[in-house]
Structure formats: structure tokens, C-alpha cells
Amino acid sequence: MTPLAKLLEAALFASARPITTEELATLDPEASPAAVAAALDELREQYDVNGHGVALAEAGGGYQILTRPEYTEAIERAQLAVRPSRLSGASLETLAIIAYRQPIGRLEIEEIRGVSVGSVLKSLHERGLIDITGRGEGLGRPLLYGTTSLFLEHFALRHLGELPRADELAIALRHLESATPEPDETVPEPVG
Amino acid sequence: MTPLAKLLEAALFASARPITTEELATLDPEASPAAVAAALDELREQYDVNGHGVALAEAGGGYQILTRPEYTEAIERAQLAVRPSRLSGASLETLAIIAYRQPIGRLEIEEIRGVSVGSVLKSLHERGLIDITGRGEGLGRPLLYGTTSLFLEHFALRHLGELPRADELAIALRHLESATPEPDETVPEPVG
Amino acid sequence: MAVALAAERGPSSFDVELPAFSGPLDLLLSLIRDEKVDIYDIPVAHIAQQFLARIRDLPLDEAADYLEMAARLVRIKAQMLLPRNEADDAWEDPRAELVRRLLEYQQVREVVDRFEQMADARRNRFARAWLPEGAPPPQAPLALSLVELMAAVDRVLRAAREPALHEVVPRALDVPGAIEIVRAVLLLRARIRWRDVVQQGAEPWQVLSVLLALLEMAKLGELRLAQPRPFADVEIARDAAGEAA
């Protein structure tokens, strides 16, 4: 392996989170972006061709080393590491809406989900999957939410452009967008 | 690499602590102690002979994978060059009020912003952008905040008088603050 | 959350079943599927009855979201019963809004299914767990621009001055505001770049406002604009004539 590939490997091993290419480039000020890209290719090949228990993965705008899925069960059985718990359905629904509609306020999410989402937003924020990205216009200047790089990592996405596209879904989003603008002003009368 | 060596590599990578040979043996119930020892040798050799940025190390009665010491310095140096972080909208608004209206207490900031700012003040203080500059008059002698020299440094300003539109904005903010709560107070005097 | 609570309460008929739904829309979709009805032609009276039956035993604190939907269904049912003129072209199906929401929600569920697959694939791979000890990593340097600070002042003034009214009209361009910001920054620095006056993640109206402001100021001779090569960052230079301050 070239010295640069070794350096990148050491840096990736020293981090639990993905490292962006810009950050990798700062490791060796002499190295050109092309050289960094070549070294990453070299590392990937080393892991894939030579046969390793780990592999180079891309997520959240950066690179990280992850174990190969075929060893997960054995590692968990030996109690050497534990898989993180799954997100609840309520969290996933909220996250899906934020991912596609960001920046988006709480009321809008509640309008789509039909339930209040205060505590779900709080827990997603605490887990670092969403962040407050600004304030909206209008009454009370509501907080707006967006997804974080940890969100991308959680779903092994390189960037938001890799989200399942609307036209891949059974019901096209465009269709709905055009019908959306009507705010739900006609709140039903309380039934007496 | 043999399947057992790959499994050991994945486990050593995913574990938060060094793993003993007994624990390594539980990964594959079929593997004999001799086979585990041979796989460890194979992994060590793979790292040493092929040239890697990491190495197999023995410590605390167990094994772990460590980055090679010659890369430590470069990795630490690169951590210093991490991506700059940005202030949130709420922090910026609070900082702006303090910059133009210092010295100012928490309550006055909250009157202008309409939300509580306790945690925002704490984080601005931790970042060294604001400091406590004194105590105000009145109930409880509230702490007063002002900006620091680090704040000026960030904007390459020599003194606060160089802030754009300093007079105009300071007056505007003073209006807001005194106009909001007390209806009995008259229009503030024009500032000379 | 609701799942755990209700499950603990034991096997009283609906309690156990209901929390499997993540909300009233989920329950409604499931009813539509179970009853094999056309989502575009929902028999509201029947579905509303089923819906009410399913939520009857929900504890009040959990039922609020469901009750709102129940009220909506009852209202739609009533509207459907109103006599209407056959020739009335303007008649709008009272169910239209509900159908729209159901379709939208169905799409969310579909995305959730995909998300679950993606998350499971990622969960099956471990990241590095052991990390070298040492001093905590230094705090990342702070990116802070004067433009951001000025924009914050603007927001403070705007938010505090304007009575809290709901704005329905989309945000108009704010060229004068943008001119003031560019002017303030140019007062301090003779040469700036596009990035210095447009915040990261700026909304289209903000970008447009700055663009128009720059063109206007260039026309007035306050600044000069240059782009060294295609797609390069636009350079903004204070014009000697505008350097009055």
C-alpha cells in the first residue's frame, strides 16, 4: 500500500464517524485531491480483493470503515458489540416527512401525520437525527427542522439526493404537491 | 485471508475494548484454540507484511487493532483543521442584540426576542464570544453581558464602533426593549 | 410509546389492537384496506362507523388525535347527505381533502418501508468502537460572518416590530434590505465575494434579493462585479466613487 493509503486507513480507523474528503485531504497537505481519491480506491481494493472482515463505505458525505454484514451475528452472539435499536414507526414517519420536505415546521408535520409530534421531534433531536435549521415566517415564527449528517449515516445514504425518488414510489409526490396549498382552515365543528 | 481471520478482524474492529483469546474463541464454536492463534498470526502478518496503517496489538490480556504511531501526529493535526461550525439562528440573534445593546441583562434580551435565552447565553459564553461584564441595578442585581475581544476578532473589527449601523441599530433595539413591557414609560429620549 | 403503554394494560379487546396504528390516518387506511373499498370512493357512513367502533375504548389522553378524525368523518358524512343540484358543476366532493391526505400519508408509509430496509442494512454493519483516548477534540473553529450578524439583527427587528399576524402571501423580495447589508459589508471590506453576502442555505427570495441588490448597486456605480472564469465565485469590489463613507 502507498504511504497515503496507509495514512488514510489509520485516520479512518481512528474515527467512529465518516470523514469527509476535505478532512482526509488535510491529513497530508502535499496530497492532491486526485491523489486522495486514488488512495481511497487503493484502500477499497485492498479490503475487497485481499479479503478483509471490514470494507470501505461511503455515507453522509464522507468515508468510513465498517464491518461486513456477514460477521454481525457472530459478533453480537459473542457479546462484543451490540446493534443499535430500531427507530419506532412514529419516528420513522416523522423523519421521512422531514427528509423530503425540509425545512419544515411542526404544524406541517402534524398535518401530514394526523397526530401531535412534539415528543417525537424532541427524541429525534436528542438522537442527533434532526436539527433546527431556522425559523419560519408567520405566527410565532415556528422552528423549522431538517435532517443531519447522522441521519444520512443511519440510512447509509451518501447525500439527500439518494433518498428514494418520488417517481419510484407508487404515488407520485408531484401529484400531491399541486393539491397541497389549501391550508386546513375548515376545522370540523365539534360534534354535539 | 481465511474466513476465521476475517471474522476476528471484524470483531476486533467493532469491539470497544481489547478482546481476550477466550472471547475470540466464542466467535466461532467450531474453531480450535490453535486455529484462533493461527488466524491472529495471519491477521498480524497481513497488517505488517502488506503494509497497513494499523497493526495488531496485545494489551491488557487481550488483542486490539491500533493505528500505527507514525500516523498519530498527522491525525491529531488534521483534527485541528476540522470543518468550522456555525452558530444557530437563535444564537446569532442573541449575539446581535448583545453586540448592539451591551451591557445588557438576560431579561432584556428575552423581552426583545420573546423567548428564553438561558442555554443560548451559556453556549455563546463557552465559545468565548460574550462575557459577564457587570451587574445591573434592581432586583437580584442581574448579570450583564457584553461581547469579547474574540468577538471583534471574528469580524476583524478594531472596536465596537466599527460595527455597521451601530448607532441606528442600538437605538432601534432600545426602542423595542423599553416599548414592550411597560406601558407607563414614555418614548425613550433620543440618544445624542 | 403508545404501543408499550397499551400492551401493558392487557388484552382488553381494542386496546391491544389499536396502538399498532401510528395515528388516525394509519387506522383509516387499514380500514379501507380491510373493507376493500375504493380510496377514491369511500363509503363514509360505513367507514366512520367502523372508525368510531375501533376507537371507543381508547383512553382519553391517547384518543385526542383519533377523535379529531372521527369528527371530520362525521362532518363529511353529513355533507354527503346534503341534497345537491345535478347540474351544479361547482360541487366539490367533501371527501376530496380526506383522499388527498390519505394518499399523502400512504406515500409516507411507503417511504417508511424503504427507510426501514435501508436502516436495517446499515445496522448490520459495525463502525469502529474503540477510539484512542486523549484530550477531548478541540472545538471546531467558528464560521461567523458579518452578513449573518446583520441578517440576525434584521430578523430581531422584524420579528419584534411586526404584530404576530399569519402571513399567507409568499415572501416578497427585499432588495432594499439586501442593499443595506451589502453596503454595510462593503464599508468594512473593499473586496468581497458572493459567498460573503449570501448566507449558506439562503432561500430563493434571499438569493434573488441579493442578486438584484448587487445589479442595482453596480448600476449606481457603488460597486463593480467580476467573475474571473465561468462558474467562479462572483467578486464584488467597492467602487472608488461609492467610497464616500
Side-chain angles (χ1 to χ4, degrees), chain A residues 12-17 55 57 59 64-69 72 75 81 83-84 86-90 92-93 95-97 99-100 111-116 119 133-135 137-141 153-157 163-164 169-171 173 175-176 179-180 182-184 186 188-191, chain C residues 1-3 20-28 64-76 96-97 100-101 103-116 118-132 155 158-159 164-168 170-171 201 203:
Chain A
L12 290 167
F13 254 83
S15 169
R17 300 283 320 274
Q64 73 186 136
I65 297 173
L66 297 176
T67 61
R68 291 183 192 273
T72 305
I75 293 171
R83 276 183 285 185
R86 283 198 179 88
L87 288 175
S88 71
L92 281 168
E93 279 184 19
L95 212 44
I97 294 166
Y100 281 89
E111 166 68 17
I112 296 174
R113 280 202 54 212
V115 294
S116 53
S119 63
T133 56
R135 277 177 176 276
E137 299 297 314
L139 196 69
R141 312 214 57 226
E153 217 183 309
H154 189 96
F155 296 99
L157 294 165
L163 282 174
L169 302 173
I171 306 153
L173 195 73
H175 200 75
L176 300 167
T180 319
E182 212 152 51
D184 196 13
T186 46
E189 299 290 318
V191 184
Chain C
M1 186 171 45
V3 180
F21 299 101
S22 63
L25 288 163
D26 200 15
L27 171 57
L28 207 50
D65 294 325
Y66 290 88
L67 285 175
E68 199 214 325
M69 176 59 72
R72 196 180 293 253
L73 288 172
V74 170
R75 186 178 59 109
I76 295 174
E97 166 68 10
R100 183 194 68 76
R101 285 189 64 188
L103 289 175
E104 185 175 54
Y105 181 74
Q106 205 170 36
Q107 194 186 43
V108 170
R109 291 302 315 176
E110 206 184 332
V111 170
V112 165
D113 289 345
R114 300 283 287 271
F115 272 22
E116 264 171 343
M118 284 150 57
D120 272 352
R122 174 60 187 80
R123 274 179 77 244
N124 282 329
R125 308 185 67 180
F126 291 115
R128 175 75 156 162
W130 186 85
L131 292 172
R155 288 201 302 273
R158 215 186 289 261
L165 289 176
H166 192 70
E167 261 181 70
V168 184
R171 190 66 189 267
E203 288 180 30

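Residue numbers start from 1 in every chain, and the chains themselves are labelled A, B, ... in the order their sequence lines are given, proteins ahead of strands.
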Quick one: does C:D65's side chain get under 4.5 Å of A:R113's, heavy atoms only? no
I'd like to verify something: which residue of A:T72, A:T67, A:I112 has the highest number of heavy-atom pairs under 4.5 Å with chain C? A:T67
Looking at CG of A:L12 and CZ of C:R128, how far apart are the two atoms once the value is rounded to the nearest 0.5 Å? 11.5 Å
Proximal component of A:E93, with respect to chain C [non-hydrogen, under 4.5 Å]: both
Quick check on A:I65 against chain C: is it the side chain, the backbone, both or neither that has a heavy atom closer than 4.5 Å? backbone
Is the side chain of A:R83 donor-acceptor paired with the backbone N or O of C:N124 at a distance under 3.5 Å, no angle test? no
Region of C:A129 in contact with chain A, defined by heavy-atom distances below 4.5 Å: neither
Going through the checks in order, is the side-chain contact (heavy atoms from CB on, under 4.5 Å) test met by C:D120 and A:R86? CA-CA 8 Å; C:D120 272 352; A:R86 283 198 179 88; 2.9 Å; yes
Rounded to the nearest 0.5 Å, what separates atom CG in A:L92 from atom CE in C:M118? 10.0 Å
What residue in C:G23, C:A121, C:A119, C:A96 has the most heavy-atom pairs under 4.5 Å with chain A? C:A119
Minimum heavy-atom separation for C:A127 to A:A16, with atom names? CB-O, 3.7 Å
Give the member of A:G89, A:A156, A:A99, A:P69 that has the highest number of heavy-atom pairs under 4.5 Å with chain C. A:P69
A:L87 versus chain C, heavy atoms under 4.5 Å apart: side chain, backbone, both or neither? neither
Shortest non-hydrogen contact between C:R101 and A:G114, atoms and distance: NH2-CA, 3.6 Å
How far apart are the closest heavy atoms of A:A96 and C:V111, and which atoms are they? CB-CG1, 3.6 Å
Segment of A:A59 engaging chain C (4.5 angstrom heavy-atom cut-off): neither
For C:R125, check salt bridge (Lys or Arg N to Asp or Glu O under 4.0 Å) against everything at least two apart and list the hits. none
Ignoring hydrogens, what is the shortest heavy-atom contact between A:P84 and C:R123? Give both atom names and the distance. O-NE, 2.7 Å
When the ring planes of A:Y100 and C:F115 are compared, do they come out parallel, tilted or perpendicular, using 30° and 60° as the limits? parallel
Partner chain C: residue of A:V115, A:L95, A:I75 with the largest heavy-atom pair count (under 4.5 Å): A:V115
